[in-house]
Amino acid sequence: MKDKRTLLFLFIIILLGGTLRFAKLDYQSLWNDELSSLSRTRASSLVEVIKESRSDVHPPFYYCLLYLWQNTFGNSPFSIRFLSAIFGALSIVAIFFLGRQLYSEQEALISALILSLSFYGIYYSQEARSYSLLLLLSMCSYLFFIKIQPQQSRANESNLITSYVCYILFTTLLIYTHYFGVLVFFSQFIFILLSSFVQKREKGWFKPFLSQILVCLLYLPQISTIRANMNIAETWIRKPHFDFFIQYFNKYWGSDEAFFLLASLCIFCFFYFRSKKSEKNPEPGLNSTLLVVVWAAAPLIIAYGRSVFSTPILTDRNTIIVLAPLILMMARGITSIKNRDILIVLIAALSIAGFYSLFITNEYYYRVSKEQFREVADTVMENKNISEQSLIVACAWNPYYFDYFFEQAQSPFRVDALYEKKEDISNLEALIRGSRKKFLWYLIGHKYPSQEALQYLENNYKLLGTKQFNKSSFFLFVLER
């Protein structure tokens, strides 16, 4: 970086974004999906983690990292979310280098600033899931994808081999992190094809193709799992409406109208000024406009088509892969405005809107939004005298989702059985008959019991207490008919 001011501004932005990502990491309880991440890393070795991942739709790389991390630094909520926060902070650095590679340091700084305040960027940097890593690796993959393009490689021939190695490495890790990473990879393939038609074909285009073939070969061990997942006919994901993009785009900024309108204005400027420029002077060298548009559009179009005509796969958190190109469009749209005063006002307005979205619209750091498994488990532990005389059953995907919090508190209590459906009633009766307990805790998290199962408890046992938390609850019964 030639300008020390650029380095100073970047440091301030990283400090800002890092603070927002590391602040109050353990304020909210781990929720169902985070607890699922932990349950899949309770293995004796990395080999077991990889084997366990085959039963999940998500590839193993994030689970491997989480396994190594928690075996080194512990598995407290703060610790496991700290790993995602690191990826989130590094994403700010990555988008800076990406913006500088595509445009200039001005766009790079603006991109870093927008990402540092992005609600989605912050939210998934504070969650023990793969999305923060997915965002980081998608940017790293595209950064080196740009470097190996013919128009770029001639100016950087000394580091070309390093760029190819880094592209293959980051892209392989990307597609081993999340199945939507494959869509990022495929968008790069589409860009190569379109570029050969939009621009005059240049010598050297076959090299990026060869690197993509090598990535495909490295992905072969995962093909059988991908094929099995492709055959899944039913899923909890609903088919998207035609306005899905507007809904998702709104969520990137915390569903804040001001930020949404400002972001839309910036992207409008991007397309408006790019079209004006192309009429007078076609874009020389790497077609950066085509690149960011394909990066943003191709994954969404493919996922939308799959979701409408086959099994739905499109969710807002999966589309975090298009957050970076949208931000790059915004940054380029801002710098296309030649009036310096307007440019400064727009950047200031985006900054204010970002803080407003976090602290006012979403009350992010002091309003509970995730499932309160921890609070339910804490209630059991706070009533120790009763719990020592109690059976504990749960309606959850895994008994570990509550046992985790008992283990963290070094409590002896554990979930005795899962109880959800009418078919479970006979097993529960046998469990009660075989024990001499006086009370029954019924813990509910993420899943909901059938009406017959809950009615059986209410009709046969005296309800001593109940409490509803955020998307979780408990019932305490006296085991006397």
Side-chain angles (χ1 to χ4, degrees), residues 57-62 65 87-88 90-91 94-95 97-99 101-102 111 115 118 120-121 124 129-149 163-195 208-209 211-220 222-223 225-226 229-230 244-245 248-249 252 286-307 313-329:
V57 295
H58 300 296
F61 182 57
Y62 170 74
L65 290 180
F87 297 144
L90 290 176
S91 295
I95 202 169
F97 285 106
L98 191 56
Q101 185 69 32
L102 275 176
S111 298
L115 180 57
S118 164
Y120 244 42
Y124 287 108
R129 295 293 282 172
S130 61
Y131 304 108
S132 180
L133 177 61
L134 174 64
L135 175 61
L136 172 63
L137 290 176
S138 65
M139 288 190 284
C140 291
S141 173
Y142 253 101
L143 175 62
F144 290 100
F145 176 73
I146 294 167
K147 288 179 179 290
I148 65 174
Q149 297 308 303
S163 296
Y164 272 103
V165 171
C166 289
Y167 170 70
I168 293 169
L169 173 63
F170 284 119
T171 306
T172 302
L173 295 178
L174 169 67
I175 59 181
Y176 271 99
T177 295
H178 195 282
Y179 63 97
F180 262 54
V182 177
L183 299 183
V184 177
F185 174 67
F186 193 67
S187 72
Q188 296 167 350
F189 172 74
I190 293 174
F191 172 76
I192 294 174
L193 291 180
L194 292 178
S195 294
F209 274 123
S211 65
Q212 289 209 313
I213 292 173
L214 182 54
V215 171
C216 290
L217 292 175
L218 292 172
Y219 196 57
L220 285 178
Q222 190 69 15
I223 293 299
T225 305
I226 286 291
N229 291 332
M230 290 288 288
F244 80 99
F245 181 76
Y248 291 179
F249 185 64
Y252 294 149
L286 178 72
N287 194 328
S288 58
T289 301
L290 179 65
L291 185 139
V292 293
V293 170
V294 170
W295 182 1
L300 292 177
I301 293 172
I302 295 169
Y304 181 78
R306 165 78 179 180
S307 299
I313 61 171
L314 191 59
T315 68
D316 51 5
R317 55 180 176 267
N318 289 344
T319 64
I320 198 171
I321 57 174
V322 305
L323 179 60
L326 291 175
I327 289 176
L328 290 167
M329 290 182 198

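Throughout, numbering of the chain's residues begins at 1 and tracks the sequence. Just the heavy atoms: all of them, side chains too, but no hydrogens, waters or symmetry mates, feed the values below.
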What is the distance from atom [atom1] of [X] to atom [atom2] of [Y], rounded to the nearest 0.5 Å?
{"X": "I321", "Y": "L300", "atom1": "CD1", "atom2": "CG", "answer": "7.0 Å"}
{"X": "F191", "Y": "L291", "atom1": "CZ", "atom2": "CG", "answer": "4.5 Å"}
{"X": "M329", "Y": "I327", "atom1": "CE", "atom2": "CD1", "answer": "11.5 Å"}

Practice task
Look at the rings of Y167 and F145 and say which category their plane angle falls in: under 30° parallel, 30 to 60° tilted, over 60° perpendicular.
Solution key: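 Judged by the thresholds at 30° and 60°, the geometry between Y167 and F145 is tilted.
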
Problem - Parallel, tilted or perpendicular: rings of Y176 and Y219 (30°, 60°) - result: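 If you compare the ring of Y219 with that of Y176, the planes turn out perpendicular.
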
Closest non-hydrogen atom pair, [X] against [Y]:
{"X": "R317", "Y": "Y120", "value": "N-OH, 3.5 Å"}
{"X": "L290", "Y": "N287", "value": "N-OD1, 2.9 Å"}
{"X": "L328", "Y": "G99", "value": "CD2-CA, 3.7 Å"}

Practice task
Answer yes or no: is there a donor N or O on one side and an acceptor on the other, between the side chain of W295 and the main chain of L326, under 3.5 Å?
Solution key: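 Judged by distance alone, no pair lies under 3.5 Å.
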
Exercise for the section: Return yes if some donor-acceptor pair links the side-chain N/O of S187 with the main-chain N/O of P299 below 3.5 Å, else return no. Expected result: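 No; judged by distance alone, with no hydrogens or angles, the pair does not exist.
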
Practice task
Side-chain contact test, heavy atoms from C-beta onward, threshold under 4.5 Å: evaluate it for Y252 versus V322 and give yes or no.
Solution key: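 Touching, per the 4.5 Å side-chain cut-off.
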
Practice task
Please examine the side chains of C166 and K147, heavy atoms only from C-beta on, and report whether any two atoms are closer than 4.5 Å.
Solution key: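 They are not in contact (no side-chain heavy atoms under 4.5 Å apart), so the answer is no.
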
Handout entry: Under the side-chain hydrogen bond (donor to acceptor under 3.5 Å, both in side chains) test, residues paired with Y304 that sit two or more places apart
Key =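 Y304: no side-chain hydrogen bond (donor to acceptor under 3.5 Å, both in side chains) contacts found.
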
Handout entry: Qualifying residues under side-chain hydrogen bond (donor to acceptor under 3.5 Å, both in side chains), relative to S130, sequence neighbours excluded
Key =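 S130 satisfies side-chain hydrogen bond (donor to acceptor under 3.5 Å, both in side chains) with no residue once adjacent residues are dropped.
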
Exercise for the section: Just jot down the salt bridge (charged side-chain N to carboxylate O under 4.0 Å, His left out) partners of R129, sequence neighbours excluded, or say none. Expected result: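 None.
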
